[in-house]
Every structure is written in structure tokens, then in C-alpha cells.
There are 2 protein chains.
Amino acid sequence: MTSENRPDQTRFDSHADILKALAHPVRLMIIDQLLLNPKCVMAIHEILDVRQSNISQHLSILRNSGIVASDSDGSYRYYYVRRPGLLKAVLETLDTDWPETDIEEVRKKFKKALNKNQKKQGINP
Amino acid sequence: MTSENRPDQTRFDSHADILKALAHPVRLMIIDQLLLNPKCVMAIHEILDVRQSNISQHLSILRNSGIVASDSDGSYRYYYVRRPGLLKAVLETLDTDWPETDIEEVRKKFKKALNKNQKKQGINP
DNA sequence: ATTCCATATTCGAATAATTGAATACACAAC
DNA sequence: GTTGTGTATTCAATTATTCGAATATGGAAT
């Protein structure tokens, strides 16, 4: 029972990093705004009524995790979402009303997996 | 510029709650395992090589945020994912290699939005 | 160069998340 | 009852996150 058993660790590590960066209401609102069109810090600050320094802090978190990037046009520095498809998919998934598992099906599935493991050896269910 | 401007706050609050519950590598690995089939704490503990109490703690976080639930079969207490569609969609979205924004398109879009706002009034870009 | 404006960073305080260890609880089997 | 087995909870220590305030930086315009 070493860490060899632990499957796909780095995969889940990087997934968790992205999810952590997304897991804040203000950051989600920022992303929502940037998906409409690229915006400067001031614009986001005014739309969301959140302090400018805080917007900058959240943007830096989003930038460090690769979710947004920025570019300059003259004196304007605007931010944009790097992979809009990813973010739209995440938001759409969260907006969707997903059906609940049928608990009877789950019960059957558990018993089945239980039997299979008991036949093989004493693996815990 | 009151909080009336802040759009969909509760929507992003609840989304952030779910994302926060998902934003941990061990919890993602637990969900990954539970999507295969329902499992008991001990089984997860052995597969992931994470302490039993810690598995219980993570499961309680996942249960409190509505992501998993548990049921009993005899002396076994197994956990399962409540809305597998949601979790599968999230993991699949994270596994996908999404294309990057075309930065020239973004630049154009920013300038366009900039002009529109300048015509209307002095709204920050 | 100085001023102005937008943005970034630093700092400190408060709060929250994470984890191991120990312990408590539940409940079946004896 | 007691024992055993699986699971949950509590506690404490550590580490991380969040945010306002203040300050710093950077670039354009004067």
C-alpha cells in the first residue's frame, strides 16, 4: 500500500490548482465579466463594486494559475480569459440542474463491487 | 455604484462553494474513485494511502457541500456521488485541452467595447 | 521633470483550511 | 455484557487565504 496505488496524482494536483483559483465569488464574477469582453482593472472595479487593490489581487491569482492574461493597448491594460471554452464549460456545468443518483442503483452497484472483491480476496469494500 | 451593479451574486456564491469543496487533490481523487463505484471509507483509505481520519474529514466536507452522500448496507457504510453528471462534466472539462484565445481578436474586441463606452459616457474600459 | 491616472505590491490582521493524533461512537458478532 | 471493526469527531498546531490600507510603480501628458 504505497503511493504507487494513488492514481493520477499530478493530474488531480493541477486540477485542484485551477479549481482553487476559481473558488471565489469575486473571481467568478471577474471571469464572467471578462468572458463578455476584455476589461481593465478600473472597469471591473466599478462594475463589481470591489476595491481596486482587491481586484488586482484576484487578477494576479487568476493570472498565476493561467486562467487570465493581460495585454496593453496604448495606456490601457486589459485582461482577458485565456481559454474561454474551459471557463464557459465550467460555468455552464455549474448552472446546469443535474439529476440525482438513483439510490437503489447505487445500492446494487455497491453490492456487486463488494462481491467481486470478496471473491478475489479480502479487499475492503 | 452600489451592490445593485454586482450581477448574480448568490449564483456565484454557490458556485464558489462547490468549487471550493472540489479544490483539493485528495477530494478529487475520492470523487474519481466514487464515480467508478460506491465505496466505504476504508476502501478509499487503502486505495489512496491517506489516513482514515483524513478521508472521513474530506468526505464530510464533500457531504456538507452536497457533492456526495452515504448510505448503509448492513454493517457497511458506503459513499457515492450525488450528481455524477456534474462531477464527470467538471473532470472532463479539466482534462480537455482547450484552445487559447487569439490575442488579435481580443485586442479588436477591447477596442470595440472601448469605443462603445466612450460614445455613451465616460465609463472606464 | 512633474503631475496625473491606472495598476501593482506590500504589510498586517483576521479568518479559514489542513492534518495527525487521539478519542469517541456505532453496531455487529460473539 | 465484551470485543472487534469501521467510521466520525475533537483538539491543537501549522499553514494558507483574504482583504483593507497604504504605498509603490509605470507610463502618458503636460
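Keep in mind that this is a model prediction, so the values were computed, not measured. Keep in mind that the numbers below use all heavy atoms, side chains included, and drop hydrogens, waters and symmetry copies. Letters go in sequence order (proteins before strands), and every chain restarts at 1.
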Engineer: Let me know the distance between CE of A:M42 and P of C:dC4, rounded to the nearest Å.
Structural biologist: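 So the two atoms are 15 Å apart, to the nearest Å.
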Engineer: As a test of reading the structure: which of D:dT7, D:dC19, C:dA17 is closest to the side chain of A:N54, going by heavy atoms?
Structural biologist: D:dC19
Engineer: Using side-chain hydrogen bond (donor to acceptor under 3.5 Å, both in side chains) as the criterion, list what pairs up with B:R51, not counting sequence neighbours.
Structural biologist: none
Engineer: Hey, can you pull the residues of residues 55-65 of chain A with a non-hydrogen atom under 4.0 angstrom from DNA chain C?
Structural biologist: A:S56, A:Q57
Engineer: Which atom pair, heavy atoms only, marks the closest approach of B:I67 to B:I18?
Structural biologist: CD1-O, 4.2 Å
Engineer: Which pairs pass salt bridge (charged side-chain N to carboxylate O under 4.0 Å, His left out) with one or both residues in residues 16-28 of chain B, sequence neighbours excluded?
Structural biologist: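 Not a single pair qualifies under salt bridge (charged side-chain N to carboxylate O under 4.0 Å, His left out).
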Engineer: To the nearest angstrom, how far is A:R51 atom CZ from D:dC19 atom P?
Structural biologist: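 It works out to 11 Å between those atoms.
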Engineer: Generate the contact string for nucleotides 22-30 of chain D. Rules: B means base contact, S means sugar-phosphate contact only, - means no protein heavy atom under 4.0 Å.
Structural biologist: B-----S--
Engineer: Tell me every residue that passes side chain to side chain contact (heavy atoms under 4.5 Å, CB included) with A:S72, counting only those two or more places apart in sequence or in another chain.
Structural biologist: A:R77
Engineer: Can you tell me how far the CG atom of B:L28 sits from the CG atom of B:L91, to the nearest 0.5 Å?
Structural biologist: 6.5 Å
Engineer: Over all strands shown, is B:Y78 touching base, sugar-phosphate only, or nothing at heavy-atom distances under 4.0 angstrom?
Structural biologist: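 The answer is nothing, as B:Y78 stays clear of every strand by at least 4.0 Å.
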Engineer: Output the rounded distance in Å from NE2 (B:H24) to C1' (C:dA16).
Structural biologist: 13 Å
Engineer: Which label fits A:H15 and A:F12: parallel for a plane angle under 30°, tilted from 30 to 60°, or perpendicular past 60°?
Structural biologist: perpendicular
Engineer: Starting the side chain at C-beta, find the nucleotide from D:dC19, C:dT7, D:dA8 nearest to A:R77.
Structural biologist: C:dT7
Engineer: How long is the line joining CG of B:D73 and C1' of D:dG6, in whole Å?
Structural biologist: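 So the CG-C1' distance, B:D73 to D:dG6, works out to 14 Å.
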Engineer: Can you list every ring pair (Phe, Tyr, Trp, His ring centres under 6.0 Å) pair that touches residues 22-44 of chain B, not counting sequence neighbours?
Structural biologist: B:H24-B:H58
Engineer: Please confirm whether the shortest side-chain N or O distance from A:Y79 to OP1 or OP2 of C:dA6 is below 4.0 Å.
Structural biologist: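 Checking C:dA6 against A:Y79, no side-chain N or O comes under 4.0 Å of OP1 or OP2.
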